[in-house]
Amino acid sequence: MIGSLNEQQQAAVTLPEGHALVLAGAGSGKTRVLTTRMAWLIQTSQVSPFGLLAVTFTNKSAREMLTRLSSLLPINTRGMWVGTFHGLCNRLLRAHHRDAGLPQTFQILDSADQLSAIKRLIKAAGIDDDKYPPRDVQRFINGSKEQGLRPEQVDAWDAHRRGLISIYEQYQAQCEREGVVDFAELLLRAYELLSRNAPIREHYQRRFQHILIDEFQDTNDLQYRWLKLLAGGGASLFAVGDDDQSIYAFRGANVGNMAAFERDYAKGNVIRLEQNYRSHGHILDSANALIAHNAARLGKNLWTEEGEGEPVRVCEQGTDLLEAQWVVDEIKSLVNDGHTRSDIAVLYRSNAQSRVIEHALFSSGLPYKVYGGLRFFERQEVKHALAYLRLITNPNDDTSWLRVVNFPARGIGARTLEQLGDAARAAGSSLYGAVDSLSGKSGLKLQAFAELLAQLTEQAHYLPLPEIIEHVVHHSGLRDFYMGEKEGEDRLENLQELVNAAAVFVGEEGMVGEPALSQAARETVDPLDMAGPPTMSPLDSFLSHASLEAGDNQARAGEDAIQLMTVHAAKGLEFDSVFMTGLEEGLFPHENSLTEQGGLEEERRLMYVAMTRARKRLYLTLAQSRMLHGQTRYAMRSRFLEEIPDAHLKWLTPKVSTMGAAMGSGMGSSWSGSGYRRGDAYNRPSTGAMSPREPRLATSGVRVGEKQFRIGQGVHHAKFGDGTIIGLSGMGNDAQAQIQFRDVGTKTLALGVAKLDIVSS
DNA sequence: AGGAACCTTATTTTT
DNA sequence: TAAGGTTCCT
């Protein structure tokens with residue numbers, strides 16, 4: 001089992017009891033180490049399968065872990081505590097819903113549900129949504145919860161913040177009333193349950209002797225505290241992660257947890273997995289060199305036994321269209337040489353960039369798949385069906401009620417619902433609970449809807465799950481509605497797919513809550529532990545499943561196609577050939593990141609992730625100009641390109657200036673260095689591929705009145721201070737410049753209007 | 001209630 | 001550019 005592991009991997013797998021941190025570089029066999037350790041612990045009888053707790057971030061990696069485990073050991077993994085933070089917390093809360101103060105059939109809101117609940121609240125409370133945009137409120141609530149803070153614990157340092165706190169409070173009350181919890185609430189509730197209820201806490205602390213965490217660099221503060229609490233009874237924490245691949249700070253992840261964990265738990269027990277089994281030498285060395293520019297690292301240097309392989313190729317084109325065309329041409333020749341299409345990925349920083357690439361691929365007839373669209377359970381028709389199902393389980397779920405009370409149309413309009421809302425508020429009840437208080441025609445219509453729900457609920461008692469859904473789709477009118485739609489076919493298909501998914505779910509997980517424990521295991525589990533009570537119906541389990549696992553985020557597998565995705569979506573994947581596109585200042589690193597604390601370093605980690613996806617060939621491409629927000633923008637080459645030693649790079653188009661993006665850390669510093677004559681470069685067509693319609697590039701710059709503006713120029717503005725021109729567009733008095741100011745970030749100014757002094761060129 | 005016209009906005013998104 | 005949201009008109 002462990003024979004085929006390298007020395008460090010073996011050391012990690014066979015660590016004795018105690019806390020440990022495994023710094024696992026990209027492609028270093030992280031998952032393998034994690035699963036092998038679990039298997040080793042079980043096989044050497046150090047722990048029963050039920051004394052293990054393994055936490056991941058995605059359902060996919062949880063599944064993979066279980067699959068690998070069953071291939072290593074002849075055990076039944078059902079009933080083991082292996083899952084996502086959210087999945088495990090859900091399990092905990094279902095088992096102890098009473099102690100957690102939740103109804104047994106509480107529903108889980110996904111992000112979209114949460115947002116609509118917030119919008120509804122803001123509207124009902126008459127709050128100014130210009131002052132409190134629902135998205136900001138959502139971020140505030142989730143941010144607070146992720147720090148473990150309830151409304152009364154949040155600092156209220158100004159009026160606006162007090163407003164946010166008040167909304168948070170009302171939102172929480174609304175959730176309680178409706179019996180729903182959001183994602184962050186799952187974690188916070190579970191944390192509070194454990195910290196407040198000593199018997200339950202001690203039970204689980206006793207039970208889990210080994211706690212393993214995957215992707216530790218992505219944990220937020222609350223997750224870390226949850227782990228510490230669970231491990232408080234003497235369990236061993238085994239955390240695996242890579243600080244260099246932390247790219248989710250914007251969602252609350254705190255890389256600092258790694259250093260904290262090393263300091264507080266794993267002191268002297270840190271193992272580095274630095275041998276990379278994925279990438280060839282030049283690629284790996286490039287990535288190493290790049291990430292070395294980050295200051296706050298735990299430190300790690302990947303190496304490979306592979307040869308140096310091919311150099312990293314760099315290609316600069318005049319426009320985004322030409323860049324896309326070049327990428328597609330290169331892909332074509334790779335495919336002609338026999339390379340598998342699905343082993344080729346095109347990556348980009350932001351989704352909007354996929355369009356030109358898709359267009360070029362489409363025109364060339366190459367099949368491709370874009371990852372990251374709507375997921376199955378997020379589709380409109382599926383959410384509608386799920387809303388009906390939720391109402392069967394809990395008619396007080398106002399979010400679901402409002403979603404389908406008039407869908408398909410039943411003549412229940414906004415006016416009626418407003419009255420219903422008022423009545424509900426007056427009575428302190430849910431919308432469903434207030435139906436009878438409305439009279440007249442609208443009252444009758446509401447009662448008819450309530451009657452429909454009652455019927456569906458009644459039938460749900462004796463039908464198996466797939467048939468419940470079929471029934472609901474039929475009798476709710478959804479089926480007829482979509483049959484009448486011109487684009488309805490796909491939607492009907494998805495509804496059928498939902499029925500199938502339920503059938504599969506019942507088959508696979510029908511026993512959820514009643515894990516088939518072996519006799520031995522049963523003895524080690526005390527009566528407190530009722531993970532998933534037997535009283536939980538298949539419908540309830542399925543609804544949890546639907547919320548916690550939104551399904552495939554990607555085009556369905558099948559045809560062998562080029563893979564398109566953002567860098568974020570590529571994390572954890574690998575490809576023979578990777579095209580990293582759009583390597584321009586402002587795009588990558590993204591301009592918004594430059595004003596954020598630690599933003600540039602996170603962008604650099606993102607670039608590191610992108611590069612380390614490639615096994616054999618890595619291409620870095622950029623365009624001098626690109627269409628962005630309906631405007632042509634001119635940008636400098638990304639500084640990341642300057643951070644990779646030339647020895648690893650092969651420029652397919654002439655590399656012109658070494659200054660271009662070399663702003664390094666001293667942004668805004670003088671760069672009037674001798675070699676900086678970007679203009680020349682632009683004037684010289686850099687490849688034969690240049691189109692005759694090549695746009696006027698920024699080289700010549702833009703003349704406004706007396707002044708000649710160019711990209712890269714240092715300028716001074718009376719109000720914004722010193723900055724550098726990073727983009728120019730338009731001509732004459734319509735000309736605009738994107739200027740990166742040292743202190744106030746990037747602004748777009750009209751050159752005809754703004755009073756700018758040229759400081760340096 | 002539905003549709004057209006208008007305005008605003010634009011990074012990434014495991015659960 | 002183009003999507004999403006709002007408002008206004010029928």
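The shown structure was predicted, so the numbers you read here are calculated from the model rather than taken from an experiment. Chain letters run A, B, ... following the sequence lines, proteins first, then strands; residues in each count from 1.
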May I have the distance from [X] (atom [atom1]) to [N] (atom [atom2]), rounded to whole angstrom?
| X | N | atom1 | atom2 | answer |
| --- | --- | --- | --- | --- |
| A/Asn351 | C/dA2 | CG | C1' | 14 Å |
| A/Leu600 | B/dT12 | CG | P | 18 Å |
| A/Met565 | B/dT14 | CE | C1' | 15 Å |
| A/Phe481 | B/dA1 | CZ | C1' | 13 Å |
| A/Glu596 | B/dT11 | CD | C1' | 9 Å |
| A/Tyr371 | B/dT13 | OH | C1' | 17 Å |
| A/Asn406 | B/dA1 | CG | C1' | 9 Å |
| A/Gln380 | C/dG4 | CD | P | 12 Å |

Among [options], which is the nearest nucleotide to the side chain of [X]?
| X | options | result |
| --- | --- | --- |
| A/His568 | B/dT15, B/dT11, B/dT12 | B/dT12 |
| A/Phe57 | B/dA10, B/dT14, B/dT12 | B/dT14 |
| A/Thr566 | B/dT14, B/dT12, B/dT15 | B/dT12 |
| A/His629 | B/dT12, B/dT15, B/dT11 | B/dT11 |
| A/His86 | B/dT11, C/dA2, B/dT15 | B/dT15 |
| A/Leu548 | B/dT15, B/dT13, B/dT12 | B/dT15 |
| A/Arg251 | B/dT11, C/dG5, B/dT14 | B/dT14 |
| A/His590 | C/dT1, B/dT14, B/dT11 | B/dT11 |

Margin query: Counting only side-chain nitrogens and oxygens, does A/Arg375 get under 4.0 Å of the OP1 or OP2 atom of B/dT13?
Written below: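 It does not, given that no N or O in the side chain of A/Arg375 lies less than 4.0 Å from OP1 or OP2 of B/dT13.
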
Next item on the list: Output yes when at least one side-chain N/O atom of A/Asn59 is less than 4.0 Å from OP1 or OP2 of B/dT15, else no.
Entry: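 So the side-chain polar atoms of A/Asn59 do come within 4.0 Å of the phosphate oxygens OP1 or OP2 of B/dT15, strictly under.
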
Notebook entry, point to check: Is it the case that A/Lys369 places NZ or CZ above or below the six-membered ring of A/Tyr371, under 6.0 angstrom from the centre and within 45 degrees of the axis?
Noted result: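 The answer is no, since A/Lys369 fails at least one limit relative to A/Tyr371.
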
Item checked: A/Gly630 or A/Ala409, whichever maps to the more 5' nucleotide of DNA chain B ->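 Between the two, 5'-proximity favours A/Ala409.
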
With a non-hydrogen cut-off below 4.0 angstrom, is [X] in contact with a base, only sugar-phosphate, or nothing?
| X | answer |
| --- | --- |
| A/Glu185 | nothing |
| A/Asp129 | nothing |
| A/Phe85 | nothing |
| A/Asp218 | base |
| A/Ser61 | nothing |
| A/Gly572 | nothing |

Checklist line | Whole-Å C1' distance, B/dT11 and C/dT6 | finding: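 So the two C1' atoms sit 25 Å from each other.
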
Item checked: Whole-angstrom distance between C/dG4 and B/dT13, as gauged at atom P ->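 Approximately 15 Å lies between the P atom of C/dG4 and that of B/dT13.
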
If you measure from [atom1] on [X] to [atom2] on [Y], what distance do you get to the nearest 0.5 Å?
| X | Y | atom1 | atom2 | answer |
| --- | --- | --- | --- | --- |
| A/Gln631 | A/Ser625 | CD | OG | 12.5 Å |
| A/Phe588 | A/Leu620 | CZ | CG | 10.0 Å |
| A/Arg491 | A/Leu478 | CZ | CG | 11.0 Å |

Checklist line | A/Gln172 side chain to A/Lys145 side chain, donor-acceptor N/O pair below 3.5 angstrom | finding: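 Yes, because at least one side-chain N or O of A/Gln172 sits under 3.5 Å from a partner of the opposite role on A/Lys145.
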
Next item on the list: Identify which one of A/Arg91, A/Arg94, A/Gln107 satisfies the side chain to side chain contact (heavy atoms under 4.5 Å, CB included) criterion when paired with A/Ser544.
Entry: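 Of all the options given, the one that passes is A/Arg94.
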
